[in-house]
Amino acid sequence: MLGAGTYYLSTDLTLDHGIRIKNSGGEVTLCLNGNTVMCTSNGAVIQTPTGAYSANFTLCDCQPNGSVGKITHKTGATGSGVDLQRAANTPTHTFIMYNGCITGNTSTSGGGGVYVADSTTFTMYGGSIVDNKANPGRYASNGGGVYVAGGDTENKYFTMYGGSITGNHTAGDGGGIYSTSNNISIYGGSVTGNSAERNGGAVYVAGTMIVGGDINISGNWKGDAQSSASNDNANNVYLSEYGNNGSSDGPATIAIEEPLTGTGSIGITTKTSVATTRNASVKIAAGKGTHAITDEDKGHFTPDTGYCEVQKKDDGALYLTHVHSGGEATCTAAAKCGGCSQPYGNTNPNNHALVHHEAQAPTCTAVGWEAYDTCSRCTYTTYREIPAAHTYGETWVKGQDGHWKVCEVCQNRSEVKPHNWRDATTSAPKTCTVCGATTGTKLSAYYY
């Protein structure tokens, strides 16, 4: 049991039980001094009292020679790294973390790294919460790194000003942080490389999360701990469909209280399937207090999936909105959105990639064509053939059995056509009406 006071570790501690802060409460400061506190039994490594006293626990780490102090469990033992038990009546337990590393802890009830119960607060200025797990017990537990419990009161807070929450995993929701409280605020630090098998690889929000400053919530995913973030499984801040404590207050959201700065981003996933639903748009963030959202704030939000984008609308709030993209238009059909499968763009397209071909005159023995166009992507063509043809003059060549014409180009003789005879008269012999050939003699004037 730890009573009020300041404690400096001079060596590593391996304990067969967790450290309990006395019910008498008071100010308890533990400097890890680069050493490790390891618990070999089940239960939290450090736990606040449940009595009617408030306890203020501060964790720091001088890190001599660059070594990092740790709060951890022996492999096989389960329990949170730090468990803020619910205080009785009105007193509030507080946990302030300046440095050190809470790592290698596995909880079956939520909050592998830190469990924040009702009437308690956790403020993180630095240090790291790394490689902790919330594994399924009777039910799938949540909050691999930090669990901020729900309840009937709002006297529960998690505020992050710095440090990192990295590499934590849960079989439930909230790989890095799980919160059903309206009192979760992040003003600095990073939440990266965490994973959840359900939702919220980084943060699961079922209330309102307040943000501002230089923060980075990216590179988290939905899946098992052995996979990694990709275009297909990115899952950072997950905004559930319910408000605080699972009520019907409205969907979870983000409140921007201060300008977002730095180069970090906040990845967003919403319960509503924006990426696969035509015209879907979900509000994800609004200004808080006197802060009005700027375009710079907007630039810090990124969708976790394709086929959507973050838009700032006329009400000044940010929305995750479906946008058609993906697919390729054909020469005669519009592109289909890869998310909702609806056609978009020019829905009556004529997108041929035309290649022009000059006209070619026919010859006596080879066909020709008119000038025409073809498409380099499909079989479309305006080709019109001109048949091969001889160029015959107007003059008929006369023969005994008929008449014909001669090609002016190749001297080819046309088909011989029979004479079309007109009977002889007293003024002319028998004559072809086509070519003028004659045969025989004209009739006698005395012919009756």
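Throughout, numbering of the chain's residues begins at 1 and tracks the sequence.
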Steps toward side chain to side chain contact (heavy atoms under 4.5 Å, CB included) verdict (Cys378, Cys331): CA-CA 7 Å; Cys378 72; Cys331 296; 3.7 Å; yes
Spatial distance of atom CG (Asn412) from atom OG1 (Thr365) [nearest 0.5 Å]: 10.0 Å
Heavy atoms from other residues, nucleotides or ligands near CD of Glu328 exceed 12 (cutoff 6.0 Å): no
Between Ser218 and Asn216: side-chain donor-acceptor atoms closer than 3.5 Å: yes
Minimum heavy-atom distance Phe301-Ala285, with the two atoms named: CZ-CB, 4.3 Å
Chi angles and distances behind the side chain to side chain contact (heavy atoms under 4.5 Å, CB included) call for Val205, Val237: CA-CA 7 Å; Val205 181; Val237 176; 4.1 Å; yes
Under 3.5 Å side-chain donor-acceptor pair for Lys312 and Thr294: no
Backbone N/O of Val82 and side chain of Ser80: donor-acceptor pair under 3.5 Å: no
Pairing residues for Tyr392 by the ring pair (Phe, Tyr, Trp, His ring centres under 6.0 Å) criterion, not counting sequence neighbours: His390
Asn33 to Asp61 - nearest heavy-atom pair and separation: N-OD1, 3.1 Å
Donor-acceptor pair, side chain of His73 and main chain of Thr106, under 3.5 angstrom: no
NZ-OG1 distance between Lys283 and Thr270, expressed to the nearest 0.5 angstrom: 14.5 Å
Short side-chain to backbone donor-acceptor contact, Thr120 and Ala117, under 3.5 Å: yes
Listed partners of Tyr319 passing ring pair (Phe, Tyr, Trp, His ring centres under 6.0 Å), at least two apart: none
Any side-chain donor near an acceptor of the partner, Ser195 and His169, under 3.5 Å: yes
Spacing of CE belonging to Met160 relative to CE belonging to Met97, to within rounding of 0.5 Å: 9.5 Å
Side chain proximity check, Phe95 to Val114, heavy atoms < 4.5 angstrom: yes
Leu260 and Asp214, any side-chain heavy atoms less than 4.5 Å apart: no
Heavy-atom pair of closest approach, residues Val367 and Glu385: CG1-OE2, 3.7 Å
Main-chain N/O of Ser107 paired to Thr78 side chain as donor or acceptor, under 3.5 Å: no
Residues 65-72, side-chain donor-acceptor partners within the protein, below 3.5 Å, at least two apart:
unit_1	atom_1	unit_2	atom_2	d
Ser67	OG	Pro64	O	2.8
Thr72	OG1	Thr103	O	2.7

Considering all heavy atoms, the nearest Leu320-Val310 contact: CD1-CG2, 4.1 Å
Closest non-hydrogen atom pair between Cys337 and Val323, with its separation: SG-O, 4.3 Å
From Gln85 atom CD to His93 atom NE2, the distance as rounded to the nearest 0.5 Å: 7.5 Å
Tyr7 atom OH, neighbour heavy-atom count above 12 within 6.0 Å: yes
Any donor-acceptor N/O pair, His322 side chain to Ala280 backbone, under 3.5 Å: no
Worked check of side chain to side chain contact (heavy atoms under 4.5 Å, CB included) between Asp83 and Thr48: CA-CA 7 Å; Asp83 185 357; Thr48 58; over 6 Å; no
Any side-chain donor near an acceptor of the partner, Glu358 and Tyr372, under 3.5 Å: no
Distance-minimising heavy-atom pair for Ile21 and Ala55: CG2-CB, 4.0 Å
No-hydrogen, no-angle side-chain donor-acceptor test under 3.5 Å, Thr94 and Asn56: yes
Pair Thr269-Asp304, side-chain donor/acceptor within less than 3.5 Å: yes
Donor-acceptor side-chain pairing of Ser227 and Trp221 below 3.5 angstrom: yes
Asp373 side, atom CG; His357 side, atom NE2 - distance, nearest 0.5 Å: 7.0 Å
Side-chain (Ser190) to main-chain (Thr192) donor-acceptor, under 3.5 angstrom: no
Donor-acceptor pair, side chain of Asn236 and main chain of Asn220, under 3.5 angstrom: yes
Candidates Leu32, Ile96, Asn99, Thr29 - the one meeting side-chain contact (heavy atoms from CB on, under 4.5 Å) with Leu59: Leu32
Any side-chain heavy-atom pair of Glu258 and His291 under 4.5 Å: no
Expected output: side-chain Asn132 to main-chain Gly144 donor-acceptor under 3.5 Å: no
Asn142 side chain vs Gly111 backbone, donor-acceptor pair below 3.5 Å: no
Under 3.5 Å donor-acceptor, Asp16 side chain and Thr40 backbone: no
Distance in Å, Tyr204 OH paired with Tyr147 OH, rounded so as to fall on 0.5 Å steps: 10.5 Å
More than 12 heavy atoms from other groups under 6.0 Å of NZ on Lys74: no
Criterion side chain to side chain contact (heavy atoms under 4.5 Å, CB included) on Val211 and Tyr187, from CA distance to verdict: CA-CA 6 Å; Val211 298; Tyr187 300 108; over 6 Å; no
